[in-house]
Amino acid sequence: MATPKPEILAAFEAAKGFMPVTEGLALYAAAVEAAALGLPLLEVGTYCGRSTLLLADAARAAGTVAVTVDHHRGSEEQQPGWEYHDSAVVDPEVGLMDTLPTFRRTLHGAGLEDHVIAVVGHSPQVARAWGGRVGLVFIDGGHTDEHASADYEGWAPHLAEGGLLLIHDVFPDPVDEFTGQAPYRVYLRALASGAFTEVSATESLRVLRRTGPGA
C-alpha cells in the first residue's frame, strides 16, 4: 500500500482537522491508485486542508491535480454552540467562520499550493458547472441528508469508470445520527445503485470503485 512521505504525513498530523492517521493512510493509498487514471482528484469538504494535503501529494506524483470544494463557512456541527466549533477560524469582522485563510496556510507550509485548485462555493452549484470527469470523488462535507445526498448526486455522475468514490464519517450505529448516519445512507445508496463495488473500509472511511453506469 502506498504511503505518504514522512514530511507530508507530519504536515497532515499538524493540520487542523478531524481525520485520524489510519483513515488518512487509507485515503492516500486510494488517491495514489485513482491518480493513475490521470484525472483530477475531487474533494468535497476542505475545512482547513488536512485531507487535501494527502490528495495533493498523490496528484503531484501522478502529474494531475487535486480539486477541493468548500464554501469555507463551516458545516452544521462546526457552528457556534456545537461540539466541533473552533473560534480560532471565525472572521472577527463578519462574525462567521472562514477556514479559507487557514487552508491556504496549510497548503503553503507543505509546498503543495501549485497542485491544488481550491473552489470556493457550494458543492451542488460547483458540480452543476463542472464539465469533465474525475478519477476520485471524496465526500466529506455536510452531515445532513440534504447535504450528503446533494454531494453524491452532484459528483458521482462525474466519476470515471474505474474511479474511486470515498465516503467519510460512515457510522452505521443510529447513536451517530447527527455525525454519521447521512454518510452511511449515501454509502448504502451507492452500493444499491449497482454502479459501485466496495473496495475497503477503514474505520469510518469507505472506498468504492465505479464498476458500472449510474449513481
Determine whether [X] and [Y] make a side-chain contact, defined as any pair of heavy atoms from C-beta on separated by less than 4.5 Å.
X: Asp70; Y: Val120; answer: no
X: Asp98; Y: Arg73; answer: yes
X: Glu43; Y: Thr52; answer: yes
X: Leu42; Y: His158; answer: no
X: Glu113; Y: Arg104; answer: yes
X: Ile8; Y: Leu112; answer: yes

Item to complete: Give the C-alpha distance, both sets of side-chain angles, the deciding distance and a yes or no for side-chain contact (heavy atoms from CB on, under 4.5 Å) between Val116 and Thr68.
Response: CA-CA 7 Å; Val116 177; Thr68 186; 3.9 Å; yes

Does [X] share a hydrophobic cluster with [Y], counting links as ILVMFWY side-chain heavy atoms below 4.5 Å and allowing steps through other members?
X: Val170; Y: Phe196; answer: yes
X: Leu37; Y: Val134; answer: no
X: Phe18; Y: Leu9; answer: no
X: Leu53; Y: Leu41; answer: yes
X: Leu205; Y: Leu159; answer: no

Discussion item. Would you say the ring centers of Phe12 and Tyr28 fall short of 6.0 Å from each other?
Written reply: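 Between Phe12 and Tyr28, the centre distance exceeds or equals 6.0 Å.
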
Worksheet item: Can we say Arg209 and Glu33 salt-bridge, meaning some charged N sits less than 4.0 Å from an Asp/Glu carboxylate O?
Response: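 Salt bridge: yes.
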
Worksheet item: Does the side chain of Thr211 pick up a donor-acceptor pair with the side chain of Thr197 at under 3.5 Å?
Response: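 The criterion, which ignores hydrogens and geometry beyond distance, is satisfied for Thr197 and Thr211.
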
Discussion item. Under a plain distance cut-off of 3.5 Å, with no hydrogens placed, do Thr22 and Glu203 share a side-chain donor-acceptor pair?
Written reply: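 Note: Glu203 and Thr22 side chains meet the donor-acceptor criterion.
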
Item to complete: Pick out which of His71, His72, His108 makes a ring pair (Phe, Tyr, Trp, His ring centres under 6.0 Å) with Phe103.
Response: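 Exactly one pass, corresponding to His72.
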
Item to complete: Find the distance between CG (Leu54) and OG1 (Thr3) and round it off to the nearest 0.5 Å.
Response: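 OG1 of Thr3 is found 11.0 Å from CG of Leu54.
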
Discussion item. What's the separation between atom CD1 in Ile139 and atom OH in Tyr187, rounded to the nearest 0.5 Å?
Written reply: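 That separation rounds to 13.5 Å.
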
Discussion item. Once salt bridge (Lys or Arg N to Asp or Glu O under 4.0 Å) is applied, do any residues pair with Glu153, and if so which ones, sequence neighbours excluded?
Written reply: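 Partners of Glu153 by the salt bridge (Lys or Arg N to Asp or Glu O under 4.0 Å) criterion, ordered by chain and then number, come out as Arg189.
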
Worksheet item: Of the options Ile167, Val137, Val186, which is the one that meets Tyr152 in a side-chain contact (heavy atoms from CB on, under 4.5 Å)?
Response: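 One option only clears the test, and that one is Val186.
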
Worksheet item: Any idea which heavy atoms bring Ala148 and Ala182 closest together, and the distance?
Response: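 That closest heavy-atom pairing would be CB-CB, 4.1 Å.
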
Item to complete: Taking all non-hydrogen atoms of both residues into account, name the closest pair between Ala15 and Arg50 and its distance.
Response: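 Closest approach of Ala15 to Arg50, heavy atoms only: O-NH1, 2.9 Å.
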
Worksheet item: Is a side-chain N or O of Glu198 found less than 3.5 angstrom from the main chain of Val207, in a donor-acceptor match?
Response: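 The answer is no, because no donor-acceptor pair under 3.5 Å joins these two groups.
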
Worksheet item: With distance as the sole test, does Ser193 use its side chain to make a donor-acceptor pair with the main-chain N or O of Ala215 at under 3.5 Å?
Response: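 It does not hold such a pair.
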
